[in-house]
Amino acid sequence: MRLTFLLDEDLPESHPKSTKGREQLVELRQGYIDTSRIVSPSEDTKQVRYFHIKLEGLDLNYGIRHIEERNGTTVQFDYETKVSYKNENGTGCYVITKGKTYINNKLPNTVMEELAADCGAVLYPLEVSVSNFSIINTAAIKARWKRLKKELERKYQGTYISNYLEAMSKRLTNDLALNTALNQDLFLSLFKHAAKVKAYHNDLSAQVVFYAPLVPYTRPVRYKGDQNVESHYTRYNTIKTVFKGEVAEHRSCKALKAGQAYALHTPTTAELPKGDCTLAYDTDRYTGMLKFCKATMHLELEEEEQTKTTLHINELY
């Protein structure tokens with residue numbers, strides 16, 4: 001079975017050749033603006049008119065294609081994710097669900113693939129705080145895992161399986177470990193980046209950091225660079241943003257490979273990882289939420305160990 005979303009021809013053009021007929025994004029006087037309030041030009045160029053982000057009624061459906069290229073081997077993951085918004089007792093949160101994952105256009109068909117898919121699915125539906133992007137339904141996830149673990153112990157046998165389930169239990173029954181697992185999701189990392197990075201200089205540029213979860217079971221890799229916003233809305237009524245950065249890690253290649261969250265000593269330049277990252281994404285003019293994205297991340301831990309990770313995100317209708 002093949003998922004057909006996210007072909008290059010399905011995505012809108014990144015940079016329309018002309019701004020003729022397109023409404024200008026913002027008229028600025030000085031300093032920083034907060035584009036969590038989308039800006040519309042005023043007849044008086046000395047005045048800025050603001051419109052707030054609209055989260056109420058948010059209901060988004062994304063098609064996601066995640067491609068990993070490592071040492072000559074390419075693996076492609078396709079899945080759909082839905083994001084909605086709810087506010088209970090004054091706490092706003094994103095509610096995130098995830099569909100089945102296809103690996104190289106096929107459903108999981110080995111024991112380990114099926115086991116990983118079953119364990120990963122227990123996180124959903126996931127409720128994530130809008131204010132600090134932490135999981136707020138940890139109790140529900142723990143209850144789901146308790147039931148699922150019993151089912152999996154009946155379904156699968158063997159020492160390796162038992163060890164795997166015990167390792168998952170340690171991660172899924174600890175709030176800190178659960179939120180660490182949240183940071184290991186590349187789609188959620190990009191969704192968070194697009195939702196949180198909203199302040200720019202008057203030339204619509206900013207120096208920012210993007211954290212990419214490229215090495216399993218440790219803190220994401222840090223990329224630092226410049227982010228720029230186009231000055232006109234696109235013909236799709238979106239705001240085009242481009243980030244270009246380089247790896248800016250304090251951890252050495254060896255520390256990253258060992259899963260160390262922090263640098264235990266000051267590495268030399270030769271010991272540091274290398275790589276670059278480009279994010280090109282559109283956010284909705286009226287809600288400020290992510291609509292389209294193409295992200296490419298290179299990471300070099302050693303000369304013979306280089307990876308390229310590409311993520312395509314497309315809002316589905």
Side-chain angles (χ1 to χ4, degrees), residues 3 5 53 55-66 77-103 108 113-149 151-152 164-165 167-196 210-214 216-220 281 283-284 287-291 293 295 311-316:
L3 298 183
F5 56 72
I53 277 182
L55 290 177
E56 289 76 12
L58 197 70
D59 188 14
L60 303 167
N61 187 23
Y62 296 106
I64 299 162
R65 174 158 292 161
H66 181 158
F77 304 91
D78 292 323
Y79 59 94
E80 292 186 20
T81 286
K82 293 185 177 181
V83 181
S84 58
Y85 171 81
K86 74 174 184 179
N87 190 318
E88 291 186 355
N89 301 320
T91 301
C93 71
Y94 300 111
V95 181
I96 302 163
T97 60
K98 184 177 180 180
K100 292 181 179 179
T101 298
Y102 291 77
I103 305 173
E113 286 177 352
E114 290 176 357
L115 183 62
D118 288 339
C119 292
V122 80
L123 290 171
Y124 301 91
L126 188 64
E127 296 182 8
V128 178
S129 167
V130 170
S131 61
N132 61 14
F133 227 78
S134 62
I135 301 173
I136 63 175
N137 65 328
T138 54
I141 292 172
K142 293 173 186 177
R144 288 199 294 266
W145 172 246
K146 187 176 180 180
R147 294 191 298 269
L148 178 64
K149 185 171 182 285
E151 294 175 12
L152 295 176
Y164 184 94
L165 293 178
M168 287 299 300
S169 284
K170 290 180 181 178
R171 295 191 184 99
L172 295 174
T173 56
N174 179 284
D175 288 1
L176 179 60
L178 266 175
N179 280 286
T180 300
L182 182 71
N183 292 329
Q184 288 288 311
D185 188 297
L186 186 54
F187 162 73
L188 292 178
S189 297
L190 283 161
F191 184 87
K192 176 183 178 181
H193 183 85
K196 291 291 186 183
F210 172 63
Y211 294 93
L214 303 179
Y217 311 121
T218 189
R219 290 176 65 246
Y281 63 88
T283 50
D284 186 84
T287 67
M289 292 292 100
L290 186 67
K291 289 183 72 71
C293 179
L311 200 75
H312 296 264
I313 302 170
N314 193 6
E315 186 184 5
L316 306 176

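Below, each value reflects all heavy atoms present in this structure, side chains not excepted, and no hydrogens, waters or symmetry copies.
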| request: Could you tell me whether the side chain of Y281 reaches within less than 4.5 Å of the side chain of K291, counting heavy atoms only? | output: no
| So, the side chain of R144 versus the backbone of P125: is there a donor-acceptor pair under 3.5 Å, distance only? | yes
| query | Are the side chain of E56 and the backbone of K86 linked by a donor-acceptor contact shorter than 3.5 Å? | reply | no
| Candidate pair T101 and D78, rule side chain to side chain contact (heavy atoms under 4.5 Å, CB included), full reasoning | CA-CA 6 Å; T101 298; D78 292 323; over 6 Å; no
| said: Are the side chains of H66 and F187 in contact, using a 4.5 Å heavy-atom criterion? | reply: no
| Would you call L60 and E315 a side-chain contact if the rule is heavy atoms closer than 4.5 Å? | yes
| query | So Y94 and Y85, would you call those rings parallel, tilted or perpendicular, with 30° and 60° as cut-offs? | reply | perpendicular
| message | Could you measure the distance from the OG1 atom of T81 to the CZ atom of F191? Nearest 0.5 Å is fine. | response | 10.5 Å
| Contact summary for N174 and K170, nearest pair of heavy atoms | CB-O, 3.5 Å
| Candidates F133, F210, Y211 - the one meeting side-chain contact (heavy atoms from CB on, under 4.5 Å) with K192 | F133
| message | As an exercise, state the distance from CD1 of I135 to CG of L123, rounded to the nearest 0.5 Å. | response | 6.5 Å
| query | Does NZ belonging to K82 count more than 12 external heavy atoms closer than 6.0 Å? | reply | no
| request: Indicate yes or no: at least one non-hydrogen side-chain atom of R171 is less than 4.5 angstrom from one of Y217. | output: yes
| said: Between N179 and D175 (side chain of the first, backbone of the second, donor and acceptor by atom type, cut-off under 3.5 Å), is there such a pair? | reply: yes
| remark: Closest non-hydrogen contact found for P108 with A117 is CG-CB, 4.2 Å
| query | Counting only N and O atoms by type, is there a donor-acceptor contact under 3.5 Å from the side chain of Y62 to the main-chain atoms of L290? | reply | yes
| Do L126 and L188 come within less than 4.5 Å of each other through their side chains, counting heavy atoms only? | yes
| Minimum heavy-atom separation for N183 to P213, with atom names? | O-CB, 3.2 Å
| task | To the nearest 0.5 Å, tell me how far T173 OG1 sits from K146 NZ. | result | 11.5 Å
| What are the two closest non-hydrogen atoms of Q184 and T218, and how far apart are they? | NE2-O, 2.5 Å
| task | Taking all heavy atoms of C119 and all of L165, pick out the closest pair and write down the distance. | result | SG-CD2, 4.3 Å
| field | Contact check, side chains of V95 and V83, non-hydrogen atoms, under 4.5 Å | value | no
| field | I64 CD1 to H312 NE2 distance, which is reported to the nearest 0.5 Å | value | 12.5 Å
| Do any N or O atoms from the side chain of K196 and from the backbone of S131 form a donor-acceptor pair under 3.5 angstrom? | yes
| Shortest non-hydrogen contact from L190 toward A295 | CD1-CB, 3.9 Å
| How long is the span from the OG atom in S84 to the CG atom in L55, to the nearest 0.5 Å? | 11.0 Å
| field | Beyond-backbone contact of I141 with N137, side-chain heavy atoms, under 4.5 angstrom | value | yes
| query | Rounded to the nearest 0.5 Å, how far does OG1 of T138 lie from CG of L178? | reply | 6.5 Å
